Amino acid sequence: MERLPYRSWVEVSRQQIGDNFDAIRNTVGSQTEVMPVVKADAYRHGAVEVSRTLEERGAQWLAVSNTEEGVALRDAGIKTRILVMADFLPFTREAMLAYELTPVIHSLEDVAELDRIARARGSRYKFHLKVDSGMGRLGVAPDPAPILAALSDAPNIELEGLMTHFASAGNYQSSQTDEQILAFEALADALAREGVKPRYVHLSSTIPIAYGRKRAWRGMVRPGHAIYGYVSPARGQAPTRKLAVKPALAWRATVLSVKNLPAGALIGYGGMYRAQQPVRIAILAAGYADGIPHRLSNRGRVIAAGRFAPILGSVSMDLTTIDVTTIPEIRPGDTVTLLGHDGASSIDAQEIAKLAGTISYSVLCGIHARVKRVYV
Ligand SMILES: *Cc1c(COP(=O)(O)O)cnc(C)c1O
């Protein structure tokens with residue numbers, strides 16, 4: 001395993017990010033625009049590098065959560081359209097418009113506000129309107145009359161997109177997604193009858209793409225997780241997956257120290273682990289401050305020299321102890337794998353999430369900014 005002069009780092013494959021993007025485009029076909037989601041620093045893969053890669057591969061649109069993320073991409077020279085999905089706060093509107101970011105508007109009051117700003121500046125801004133089709137989070141109610149009234153009172157702005165988001169897309173035991181689709185379609189049809197036909201209509205994140213819920217693809221899809229190589233398992237009688245993607249990120253840490261402890265020794269905070277027999281331990285230069293979930297204490301594992309090594313005792317802030325009794329060749333300065341492949345062994349974010357009682361999204365987003373990023 002290669003050594004790098006860092007305590008802990010992630011290796012991100014640009015090639016794999018690009019290949020995942022292509023796999024999604026091939027799945028949905030050329031009639032559907034793919035807008036990769038690069039919020040939260042591209043799920044910690046590095047928003048600037050990931051966005052450059054996607055732009056080079058032909059992405060026309062990228063989606064972020066907030067204005068600051070969009071501004072960082074513009075400052076890095078990204079020229080694609082950028083949709084800001086969860087902002088339009090009073091103190092970010094100026095920058096959002098100045099940097100040519102496209103807002104998602106979630107309330108009819110904000111439709112009026114955007115129109116007022118456009119009129120005052122003599123500009124014509126495009127926006128996407130978020131509909132709450134049943135998730136109970138951001139968005140306007142799917143009631144056509146007030147939306148039509150708000151739009152006709154807003155002649156200086158253009159409704160370019162109509163969108164919604166699913167609460168339970170991976171749960172095929174629930175009818176919530178079908179109900180959301182029906183509510184959203186009823187609204188879109190009612191608007192269309194009145195001549196309101198936005199260029200982009202979009203509903204789908206990774207799961208409805210991956211499991212082939214074509215009715216929800218329409219003219220645009222918004223994959224995040226799949227861009228990074230993940231599709232969460234579905235519940236119930238899901239159709240077979242239509243999308244093949246692979247993780248683009250590997251996470252490594254350096255061994256700080258190796259030593260032997262006698263039978264009966266306690267390891268780490270709280271003496272959470274007691275050695276039943278003599279044990280050889282390696283102490284890694286990464287801990288929960290780097291994003292290793294504390295819940296992996298005494299139950300996670302890493303890969304050392306191609307073999308699995310259990311985590312012993314509690315994960316500390318900056319350190320984690322592993323058992324290398326059966327891997328005696330491990331030395332200080334060696335590299336171990338926290339997530340990714342090493343030899344024939346591999347660990348992915350889903351395995352870590354399961355052990356830690358969380359979701360793979362949270363494992364990826366939890367990789368701390370102090371963990372160096374290396375692009376391969
Ligand atoms: C994060 C997000 C997505 C991407 O979701 P994935 O499950 O990562 O594909 C799409 N749409 C909205 C509104 C989001 O917030």
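One-based numbering, in listed order, for ligands and for the atoms of each. Owing to the predicted nature of the structure, the values given are computational and were not obtained by experimental measurement. Basis for what follows: all heavy atoms, side chains included, without hydrogens, waters or symmetry-related copies.
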Legend entry - Validation row: His45, Ile227 side chains within 4.5 angstrom (heavy atoms): no

Legend entry - Residue, atom name and distance, where the atom is the protein heavy atom closest to atom 9 (O) of ligand 1: Thr206 OG1, 2.6 Å

Inset, instruction - Find all atoms of ligand 1 within a distance of less than 4.0 Å from any non-hydrogen atom belonging to His225, and give their numbers and elements. - result: 6 (P), 8 (O), 9 (O)

Inset, instruction - Step by step, work out the side chain to side chain donor-acceptor pair (under 3.5 Å) result for Ser204 and Arg213. - result: CA-CA 9 Å; Ser204 296; Arg213 207 187 278 269; over 6 Å; no

Inset, instruction - Could you find the nearest protein heavy atom to atom 8 (O) of ligand 1 and give me its residue, atom name and distance? - result: Tyr43 OH, 2.5 Å

Legend entry - Atoms of ligand 1 close to Tyr361 [distance to a heavy atom under 4.0 angstrom, numbered from 1]: 6 (P), 7 (O), 8 (O)

Legend entry - Least distance between heavy atoms, Thr164 atom then Arg222 atom: O-NH2, 2.8 Å

Legend entry - Polar side chain donor-acceptor pair, Thr92 to Asp87, under 3.5 angstrom: yes

Inset, instruction - Sequence neighbours left out, what pairs pass ring-ring contact (aromatic ring centres under 6.0 Å, His included) with at least one residue falling in residues 311-361? - result: His225-Tyr361

Inset, instruction - Verify whether the ring centers belonging to His128 and Trp61 lie closer than 6.0 Å. - result: yes

Legend entry - Any Ala226 heavy atom less than 4.0 Å from ligand 1: no

Inset, instruction - Indicate, as side chain, backbone, both or neither, the part of Arg222 found under 4.0 angstrom from ligand 1 when only non-hydrogen atoms are considered. - result: both

Inset, instruction - Find all atoms of ligand 1 within a distance of less than 4.0 Å from any non-hydrogen atom belonging to Pro223, and give their numbers and elements. - result: 9 (O)

Inset, instruction - For residues Phe308 and Ile347, report the shortest heavy-atom separation together with the two atoms involved. - result: CE2-CG1, 3.6 Å

Legend entry - ligand 1 N/O within reach of Met85 N/O, cut-off under 3.5 Å: no

Inset, instruction - Give the residue and atom name of whichever protein heavy atom lies nearest to atom 12 (C) of ligand 1, and the separation in Å to one decimal. - result: His165 CE1, 3.4 Å

Legend entry - For atom 5 (O) of ligand 1, the protein heavy atom that lies nearest, with its residue and separation: Ser205 CB, 3.3 Å

Legend entry - Close N or O approach (Lys39, ligand 1; < 3.5 Å): yes

Legend entry - Note, Arg14 side chain near Arg57 side chain (heavy atom, < 4.5 Å): no

